Amino acid sequence: MVLSVLTLNCWGVPYVSKKIRERSLHLAEHLRDTPYDVVGLQEIFQEWHANLIREQCKEEYPYGHWFRSGLSGSPGLLFLSRWPIVDVEFRAYTLGGYPQNLNEGDWLAGKGVGRVRVQHSESLVDVYNTHTLANYHSDDIEMDPNKGHRLSQHYEIAKFVTQSRGVVPVVVMGDFNTQEQELGTKVFMEISQMSDSFRDLYPNEERYPGFTNDTPECCWRYSPQEKKRRAKQTKRIDYVYYDKSSLECISSRTCCGSIPGKDYAYSDHLGVHSTFHVTRPVKRDCHVLTGILARDSVTCVRRSMEQTHSEVRRKLLLVGLLIGLWLVVLMGGNTGIIGVLPTVLLSNGIVVCVAMVTGYLIFFCKSELSKFAEFEAEFTYLEDMSCRT
């Protein structure tokens, strides 16, 4: 049995990334023409983006899962599979970045690691997909304030992966945002006991660097001066790891560079394509929810989401009424808002408190609904799977 996988960071950051739709259509064409078994994509942050790729590839990849998390709605992880996905799981990172760094956006995305269990023709396989906190100071890794966050994320990935090792064959892939010599990479490989597919086949780093970021193909959107600068800091940060106890790496290469006939590429990263021979297949049954239980679970979660909406609306209405009452009291004998304006402006403490309560309610609503949405998606998928079988 041969297992073929692809990982690619698709550069799909809302309002920042260029030509998202055009590049996605070309990527879908590539995926249709290439017989990957499982595809793990990163930076698919928007639902329309995930739906576009899935719709374009639905015949070749009838199974898939887009994870939901964070205030922005998704950590950007999308799986496509030719084989049935019988189980899904997501774990958000404990340290997700600095909330105050809104320009970075990692904390808002609620990044983490997603897992799917795929029922291949001859074996179950667990495939993990992740995108760790980005390095916004790539010129000086040691001065990067996000370095500790990424280290903790690599540690959590490794602990998560160990639950699958020895149970089913395991593949871990994604944009790890760390180079081979960095501490995070070493910690992950030491704890998880996973192997680097590309480096196993090409141990000579000088001859086969395997760069996936800031390569000439990846710098299509930059000015000539910026391309020249970035040519000095090409790096390898995208990986496909595997468990040697159950998989043998047959091939591994970088791919998905420039789009034929276009002056732009599939992404600002190169992808990594690795193939494996499954040496220790596992065919045990995977217990999933029956159709009735899955349907009831979907109904329960959706009802809870509606209740969360109602709860927040009631509290916001109460806040609005209190603000109105407060204005009436402050106006007292005054005949208009102009007369009360100085008094209102002096009541900064109350204004701040009201703003904090309102902000908390909005934050709570977005956070809870995002978590509910992930469970809803998982239960809905299981319900759909039970209907197919």
Side-chain angles (χ1 to χ4, degrees), residues 1-9 27-28 30-42 53-54 57-65 67 77-89 113-130 157-158 160-176 188-189 192-202 210 212 238-256 270-286 288 381 385:
M1 168 187 161
V2 175
L3 176 70
S4 174
V5 301
L6 168 72
T7 179
L8 176 66
N9 180 323
L27 174 61
H30 169 77
L31 296 177
R32 291 194 301 266
D33 295 339
T34 309
Y36 303 114
D37 290 305
V38 182
V39 177
L41 304 178
Q42 303 89 46
I53 296 176
R54 291 200 62 184
C57 302
K58 62 182 180 182
E59 293 186 6
E60 291 78 11
Y61 301 90
Y63 308 97
H65 190 78
F67 293 95
L77 305 178
L78 172 65
F79 272 112
L80 302 174
S81 174
R82 291 182 182 272
W83 304 94
I85 296 174
V86 297
D87 189 30
V88 295
E89 185 177 4
V113 53
R115 176 188 66 86
V116 294
R117 178 160 291 179
V118 176
Q119 178 63 71
H120 200 286
S121 60
E122 299 180 20
S123 177
L124 292 169
V125 180
D126 273 3
V127 184
Y128 293 77
N129 184 13
T130 191
I157 300 169
F160 189 16
V161 168
T162 55
Q163 74 176 26
S164 297
R165 289 193 73 248
V167 179
V168 294
V170 181
V171 173
V172 185
M173 56 187 180
D175 176 2
F176 286 75
F188 166 75
M189 296 186 70
S192 69
Q193 291 296 293
M194 302 294 284
S195 300
D196 181 347
S197 60
F198 183 87
R199 190 55 65 211
D200 278 359
L201 295 183
Y202 305 99
T212 61
D238 302 85
Y239 303 87
V240 175
Y241 296 103
Y242 70 107
D243 180 7
K244 274 188 173 181
S245 68
S246 56
L247 297 169
E248 176 188 358
C249 186
I250 301 172
S251 66
S252 185
R253 64 183 182 90
T254 58
C255 62
C256 300
L270 294 182
V272 182
H273 172 212
S274 297
T275 57
F276 307 95
H277 173 62
V278 179
T279 58
R280 188 172 58 84
V282 175
K283 299 188 70 173
R284 64 166 59 93
D285 292 334
C286 182
V288 296
Y381 182 83
M385 284 296 300

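Computed from a predicted structure; not experimentally measured. Values reported hereafter were calculated over all heavy atoms of this structure, with side chains retained and with hydrogens, waters and symmetry mates removed. Along the sequence shown, residues carry numbers from 1.
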Yes or no on salt bridge (charged side-chain N to carboxylate O under 4.0 Å, His left out) for Asp126 and Arg165, after CA distance, side-chain angles and deciding distance? CA-CA 9 Å; Asp126 273 3; Arg165 289 193 73 248; over 6 Å; no

Side-chain donor-acceptor contact under 3.5 Å, Thr254 with Thr212: no

Return the orientation label for the Tyr241 and Phe176 ring planes: parallel under 30°, perpendicular over 60°, tilted otherwise. perpendicular

Give a yes or no on whether the backbone of Cys57 and the side-chain of Arg54 come within a donor-acceptor separation of less than 3.5 Å. no

Can you tell me how far apart CG (Leu8) and CG (Leu41) are? Round to the nearest 0.5 Å. 6.0 Å

Could you give the distance from OG (Ser123) to CZ (Arg280), rounded to the nearest 0.5 Å? 8.5 Å

If I take atom OG from residue Ser81 and atom CZ from residue Arg117, how far apart are they, to the nearest 0.5 angstrom? 13.5 Å

side-chain contact (heavy atoms from CB on, under 4.5 Å) between Ser252 and Val272: does it pass, once the steps are laid out? CA-CA 7 Å; Ser252 185; Val272 182; 4.0 Å; yes

Side chain to side chain, Val167 and Val282, heavy atoms closer than 4.5 Å: no

Here the gap from Ile250 atom CD1 to Leu3 atom CG, rounded to the nearest 0.5 Å, amounts to 9.0 Å

Can you find a side-chain donor-acceptor pair between Gln193 and Thr162 that sits under 3.5 Å? no

From Ser121 OG over to Trp83 CH2, what is the distance, rounded to the nearest 0.5 angstrom? 4.0 Å

Asp87 vs Val116, test: side-chain contact (heavy atoms from CB on, under 4.5 Å). Steps then yes/no. CA-CA 6 Å; Asp87 189 30; Val116 294; over 6 Å; no

Tell me if the aromatic rings of Tyr239 and Phe188 count as close, with their centers under 6.0 Å from one another. no

Where does the angle between the aromatic ring planes of Phe67 and Phe79 fall among parallel (under 30°), tilted (30 to 60°) and perpendicular (over 60°)? perpendicular

As a quick check of understanding, evaluate side-chain contact (heavy atoms from CB on, under 4.5 Å) for Val5 and Met173, giving each step before the final call. CA-CA 9 Å; Val5 301; Met173 56 187 180; 4.1 Å; yes

Checking Asp37 side chain against Ser4 main chain: does a donor-acceptor pair fall under 3.5 Å? yes

Just so I know, are the side chains of Leu201 and Cys249 near enough to count as touching, which here means a heavy-atom distance under 4.5 Å? yes

Measure the spacing between CZ of Arg253 and OG of Ser197 and express it to the nearest 0.5 Å. 12.0 Å

